[in-house]
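Everything on this sheet refers to the single structure shown next.
Sequential numbering from 1 along the given sequence is applied to the chain's residues.
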Amino acid sequence: MNNDEVNFDKLNETELQAIGIRNGNFINGTNNPEFPYLAVAFDELADVLAGIAEIDPLSSIQFAKEASVISQRLLELAPKAPTKDYKELMKLFSNEEIAEHLLNSVICGFLAGQLQQMVTKVLTQLEKVKCGGNNGKIH
């Protein structure tokens, strides 16, 4: 390893996979979830919450508000590099700090994105309920 590389030795396999997926998304312009199995669980939960919108729309609206706040705060809490100059970052932070900041950024972005997808599903279902399902009649 040369001095221009970050040492990821202290990260476990799941953490490395998440960073690798984020890097692949950046390079390829894709949007694959960094934690794919957890993303499936969030998607299932979103479906359940969307179903609740039909029964209890007010609770669903409150969920959407709360999840949006948390999503926004997670994005604000995500570590931000003081510079985009990679060599400068290597001077400012240790290998461990760079790896930790990168992982924390991936986690915050993943969770914020998952919450926003859940909000979108719930709001879409609320709109369908408001319009009477798929028949387009407003109730």
Side-chain angles (χ1 to χ4, degrees):
M1 180 180 93
N2 67 44
N3 289 335
D4 290 341
E5 295 178 358
V6 176
N7 181 347
F8 292 103
D9 290 345
K10 293 192 178 189
L11 300 181
N12 67 43
E13 182 180 349
T14 302
E15 294 165 334
L16 289 171
Q17 177 186 13
I19 290 171
I21 291 170
R22 170 68 62 90
N23 188 46
N25 285 341
F26 178 76
I27 291 170
N28 301 316
T30 55
N31 192 26
N32 297 314
E34 292 86 354
F35 298 92
Y37 294 97
L38 188 55
V40 170
F42 275 117
D43 193 49
E44 290 296 318
L45 179 57
D47 289 341
V48 169
L49 292 169
I52 293 172
E54 295 177 30
I55 301 164
D56 189 355
L58 294 178
S59 292
S60 296
I61 291 168
Q62 188 59 34
F63 163 80
K65 289 177 182 178
E66 291 174 6
S68 292
V69 166
I70 292 170
S71 176
Q72 180 181 347
R73 291 296 294 161
L74 281 168
L75 292 175
E76 292 170 7
L77 290 171
K80 292 161 188 65
T83 179
K84 293 184 184 216
D85 182 344
Y86 185 74
K87 292 185 187 239
E88 188 64 27
L89 285 175
M90 295 298 289
K91 292 178 191 173
L92 293 172
F93 299 101
S94 69
N95 276 329
E96 292 81 20
E97 289 172 320
I98 291 173
E100 278 296 312
H101 285 224
L102 183 56
L103 179 61
N104 290 340
S105 178
V106 168
I107 290 170
C108 287
F110 169 77
L111 290 173
Q114 292 300 309
L115 285 170
Q116 278 309 118
Q117 287 179 6
M118 293 169 71
V119 167
T120 298
K121 274 193 174 185
V122 167
L123 294 178
T124 299
Q125 187 60 36
L126 282 168
E127 190 62 31
K128 287 180 183 177
V129 168
K130 176 182 163 189
C131 294
N134 293 325
N135 64 9
K137 293 181 182 175
I138 298 176
H139 290 243

So how far is it from [X] [atom1] to [Y] [atom2], rounded to the nearest 0.5 Å?
X: E66; Y: L115; atom1: CD; atom2: CG; result: 11.0 Å
X: M118; Y: S68; atom1: CE; atom2: OG; result: 11.0 Å
X: L49; Y: D56; atom1: CG; atom2: CG; result: 11.5 Å
X: Q125; Y: E127; atom1: CD; atom2: CD; result: 10.5 Å
X: F35; Y: T14; atom1: CZ; atom2: OG1; result: 7.5 Å
X: L89; Y: T83; atom1: CG; atom2: OG1; result: 6.0 Å

Over all heavy atoms of both residues, which pair between [X] and [Y] is shortest? Give the atoms and the distance, please.
X: L11; Y: E15; value: CA-OE1, 3.2 Å
X: S105; Y: A78; value: CA-CB, 4.4 Å
X: G24; Y: T30; value: O-OG1, 3.8 Å
X: A64; Y: V119; value: O-CG2, 3.7 Å
X: G109; Y: R22; value: CA-NH2, 3.9 Å

[X] versus [Y]: any side-chain heavy-atom pair under 4.5 Å?
X: N104; Y: E100; value: yes
X: F42; Y: Q117; value: no
X: S60; Y: V129; value: no
X: Y86; Y: M90; value: yes
X: P82; Y: L92; value: yes

Linking I/L/V/M/F/W/Y whenever their side-chain heavy atoms sit closer than 4.5 Å, directly or via other members, would [X] and [Y] fall into one cluster?
X: L74; Y: L45; result: yes
X: L16; Y: F110; result: yes
X: I70; Y: I61; result: yes
X: L123; Y: V48; result: yes
X: I21; Y: V106; result: no

**OP:** Report the residue from I19, N23, N25 that forms a side chain to side chain contact (heavy atoms under 4.5 Å, CB included) with E34.
**Re:** N25
**OP:** Evaluate the side chain to side chain contact (heavy atoms under 4.5 Å, CB included) criterion for residues F63 and I52: first the C-alpha distance (whole Å), next the side-chain angles of each, then the deciding distance (0.1 Å), finally the verdict.
**Re:** CA-CA 11 Å; F63 163 80; I52 293 172; over 6 Å; no
Subject >> salt bridge (Lys or Arg N to Asp or Glu O under 4.0 Å) partners for E76, two or more places apart >> reply: R73
Original post:
What pairs with T120 under side-chain hydrogen bond (donor to acceptor under 3.5 Å, both in side chains), at least two apart in sequence or on another chain?
Top reply: none
Original post:
Crowded around K80 NZ? As in, over 12 foreign heavy atoms under 6.0 Å?
Top reply: yes
Subject >> Test item: Q72 side-chain N/O and V69 main-chain N/O as donor-acceptor pair under 3.5 Å >> reply: no
